[in-house]
Peer 1: 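One structure is given below, represented as structure tokens, and several questions about it will come after.
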Amino acid sequence: MKDKVLIVTTTPYMIRQFLMNDIIILQELGYEVDVATNFQSFNVIDEKSLLEFKSILNDKNITIHQIDFPRSIFSIKELIQSYMDIKKLLIKNNYKLMHTHTPIASVISRFVAKNISNMKVIYTAHGFHFFKGAPIQNWIIFYPIEKWLSKYTDVLITINKEDFNRAKKKFKMKKIEYVPGVGINIDYIKNVNVDKEKLKKELNIPLKNKVIISVGELSKRKNHELVIKALKDINNVTYIICGQGNLKTHLNNLAKKNDVDLRLLGFRNDRIELIKMSDLFVFPSLQEGLPVALMEAMCCEIKCIASKIRGNEDLLRPIDTFDLKDINYLKNMIKRELSYNDSDYCIYYKENILKFGENQIIKSIRKIYSNMHI
């Protein structure tokens with residue numbers, strides 16, 4: 001009988017987009033893999049895609065456990081129910097290893113796991129809620145919780161340098177590892193070809209227009225409205241966003257108010273083609289761990305600019321980041337980037353992106369799993 005491993009995360013979107021390589025590695029190492037997540041959550045993935053993903057997991061003999069993880073730390077009733085469900089699951093299945101992702105799911109599952117003997121715990125922090133410039137309430141709520149639970153974490157994996165340095169200095173986990181993200185498929189991205197004119201016509205974008213693209217859910221955190229406001233009075237530009245979420249109506253209304261040609265494309269499987277079609281990738285997020293979308297855009301070798309925050313600063317040159325509070329600087333930056341070519345840019349990012357490749361990350365994760373001695 002195979003030893004069992006449990007992957008825990010708040011939403012199935014995280015598994016589909018970022019954790020399938022982890023699952024494959026564990027299966028290759030001879031483990032039976034279960035996942036525990038909230039499959040009732042449709043906010044960043046539509047129901048059809050969710051059903052298709054369930055089918056993929058079933059085909060890979062992965063057992064799915066529905067846990068109603070909330071996305072807010074203040075959903076007390078749901079937090080308690082999630083705690084009870086995870087506790088029952090861990091006691092029943094005798095897992096040898098639990099690998100947790102996303103803050104709330106990881107807090108709940110590690111709180112249970114501290115009383116479960118003979119089970120190792122790995123926690124990947126995809127970006128702590130407390131960071132340089134974060135709201136004070138994030139530090140008050142999340143910092144003490146994460147510091148306390150670090151005592152019950154066998155391996156803490158951080159994906160950016162700021163989180164790594166803080167945790168190494170302040171936390172009490174048994175071991176800490178720096179793994180730069182979940183990895184991108186560099187060879188695949190580089191081999192994607194696109195007919196820019198044809199794709200523009202399909203999207204009904206005027207051929208004369210420059211195209212700016214962002215990728216990310218339509219949420220406050222992703223901060224797309226900043227770009228819309230910055231684009232006011234910039235002519236012959238179309239702004240496209242790949243992602244879905246509850247701010248669709250708000251963003252459309254804001255674009256009309258500012259006379260911006262905005263296209264909300266929803267979730268797209270062809271985002272690499274769309275990025276390669278575009279003239280500029282803008283990533284205005286308020287908070288990130290190490291953004292995959294930005295890494296993909298760098299690999300596409302188009303110009304990229306991003307907010308001056310943790311994670312983004314691990315990837316871009318200082319000259320390619322902007323202060324979130326200075327909308328005029330962003331407006332001028334967009335104008336500048338659309339008006340001239342920067343050959344140094346392509347050389348720098350072509351070399352820098354290699355360390356974030358999927359093969360490098362897989363090698364690091366495989367080593368961590370192999371050293372767990374489960």
Side-chain angles (χ1 to χ4, degrees), residues 11 13 41-46 71-72 127 129 133-135 137-138 199-200 202-268 270-271 274-275 277-288 291-294 296-297 302-312 316 320-339:
T11 70
Y13 178 81
S41 174
F42 305 141
N43 57 330
V44 294
I45 180 172
D46 60 82
R71 296 195 76 180
S72 170
H129 279 310
Q137 63 264 29
N138 287 29
L199 191 49
K200 269 191 172 183
E202 288 176 5
L203 296 170
N204 198 29
I205 296 173
L207 294 180
K208 67 177 182 180
N209 278 18
K210 296 283 189 178
V211 178
I212 296 174
I213 185 170
S214 295
V215 176
E217 65 180 300
L218 309 183
S219 67
K220 284 287 184 185
R221 197 186 90 169
K222 293 300 182 180
N223 198 29
H224 301 299
E225 63 179 34
L226 182 70
V227 182
I228 295 172
K229 291 175 182 177
L231 287 174
K232 184 178 181 180
D233 299 325
I234 299 181
N235 299 321
N236 301 326
V237 169
T238 297
Y239 181 34
I240 62 177
I241 304 175
C242 299
Q244 55 192 46
N246 57 15
L247 292 186
K248 183 176 181 178
T249 301
H250 167 69
L251 294 175
N252 274 322
N253 290 338
L254 186 65
K256 288 176 184 176
K257 180 181 176 182
N258 288 277
D259 195 25
V260 172
D261 182 19
L262 173 68
R263 312 295 173 87
L264 301 179
L265 304 183
F267 179 82
R268 301 283 296 215
D270 62 343
R271 67 184 180 278
L274 291 166
I275 292 171
M277 174 199 73
S278 303
D279 300 285
L280 176 65
F281 183 90
V282 184
F283 199 71
S285 186
L286 299 172
Q287 175 186 344
E288 290 296 328
V292 170
L294 180 54
E296 289 177 338
I302 76 161
K303 292 183 181 181
C304 299
I305 60 175
S307 48
K308 194 186 297 289
I309 61 169
R310 171 200 64 185
N312 294 350
L316 298 183
D320 301 318
T321 62
F322 53 84
D323 190 324
L324 285 163
K325 296 177 182 177
D326 194 341
I327 194 167
N328 287 325
Y329 182 85
L330 174 58
K331 179 186 285 286
N332 290 328
M333 196 176 193
I334 290 171
K335 288 179 180 178
R336 182 192 75 200
E337 295 300 332
L338 291 178
S339 65

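Only a predicted model underlies this, so the values are computations on that prediction, with no experimental measurement involved. What's counted below: heavy atoms across the whole structure, side chains too, no hydrogens, waters or symmetry copies.
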Peer 1: Under the rule for side-chain hydrogen bond (donor to acceptor under 3.5 Å, both in side chains), what residues qualify as partners of Arg268, not counting sequence neighbours?
Peer 2: Asp270
Peer 1: For a quick test of reading the model, state the closest non-hydrogen atom pair linking Phe281 to Ala293 and the distance between them.
Peer 2: CZ-O, 3.7 Å
Peer 1: Between Leu262 and Ile240, is any pair of side-chain heavy atoms under 4.5 Å apart?
Peer 2: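 Counting from C-beta outward, Leu262 and Ile240 never come under 4.5 Å.
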Peer 1: State which residue, out of Leu199, Asn204, Ile205, fulfils the side-chain contact (heavy atoms from CB on, under 4.5 Å) condition with Glu202.
Peer 2: Leu199
Peer 1: Can you tell me how far apart CG (Leu286) and NZ (Lys220) are? Round to the nearest 0.5 Å.
Peer 2: 9.5 Å
Peer 1: Which heavy-atom pair separates Arg221 from Gln287 by the least distance, and what is that distance?
Peer 2: NE-O, 3.3 Å
Peer 1: Taking atom CD1 of Ile228 and atom CD1 of Ile327, what is their separation to the nearest 0.5 Å?
Peer 2: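 Rounded to the nearest 0.5 Å, the CD1-CD1 separation comes out at 10.5 Å.
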Peer 1: Just wondering, do Leu251 and Leu218 contact through their side chains at under 4.5 Å, heavy atoms?
Peer 2: yes
Peer 1: Please report the closest heavy-atom contact between Asn138 and His129, naming both atoms and the distance.
Peer 2: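 Taking every non-hydrogen atom into account, ND2-O, 2.9 Å.
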Peer 1: Can you check whether Val237 reaches Asp261 side chain to side chain, under 4.5 Å on heavy atoms?
Peer 2: no
Peer 1: Consider only side-chain N and O atoms of Asn209 and Thr238, and report whether a donor and an acceptor are under 3.5 Å apart.
Peer 2: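 There is such a pair (donor and acceptor under 3.5 Å, judged by atom type) between the side chains of Asn209 and Thr238.
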Peer 1: Ile213 and side-chain contact (heavy atoms from CB on, under 4.5 Å): which partner among Val282, Leu280, Ile275?
Peer 2: Ile275
Peer 1: Rounded to the nearest 0.5 Å, how far does CD1 of Ile305 lie from CZ of Phe283?
Peer 2: 12.5 Å
Peer 1: Listing request: all side-chain hydrogen bond (donor to acceptor under 3.5 Å, both in side chains) pairs with a residue in residues 247-260, at least two apart in sequence or in separate chains.
Peer 2: Glu225-His250
Peer 1: Hey, could you give me the CZ/CG distance between Arg263 and Leu274, rounded to the nearest 0.5 Å?
Peer 2: 12.0 Å
Peer 1: Would you name the heavy atoms of Pro284 and Ser307 that are closest together and state the gap between them?
Peer 2: C-OG, 3.7 Å
Peer 1: Closer than 3.5 angstrom, by distance alone: can the side chain of His224 be matched with the main-chain N or O of Glu217 as a donor-acceptor pair?
Peer 2: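 Here the side-chain-to-backbone pair exists.
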Peer 1: State, with a plain yes or no, whether a side-chain heavy atom of Glu288 is found less than 4.5 Å away from one of Arg310.
Peer 2: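 They are not in contact (no side-chain heavy atoms under 4.5 Å apart), so the answer is no.
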Peer 1: Any side-chain to backbone donor/acceptor pair from Lys222 onto Gly216? Under 3.5 Å, distance only.
Peer 2: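 No: the side chain of Lys222 does not pair with the backbone of Gly216.
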Peer 1: If I take atom CG from residue Leu330 and atom CD from residue Glu337, how far apart are they, to the nearest 0.5 angstrom?
Peer 2: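 With rounding to 0.5 Å, CG (Leu330) is 10.5 Å from CD (Glu337).
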Peer 1: Answer yes or no: is there an ion pair linking Glu296 with Arg271, defined by an N-O contact shorter than 4.0 Å?
Peer 2: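 Here Glu296 pairs with Arg271 in a salt bridge, since their nearest N and O are under 4.0 Å apart.
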Peer 1: With rounding to the nearest 0.5 Å, note down the distance linking CZ in Phe322 to CD1 in Ile334.
Peer 2: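 So the gap between those two atoms works out to 7.5 Å.
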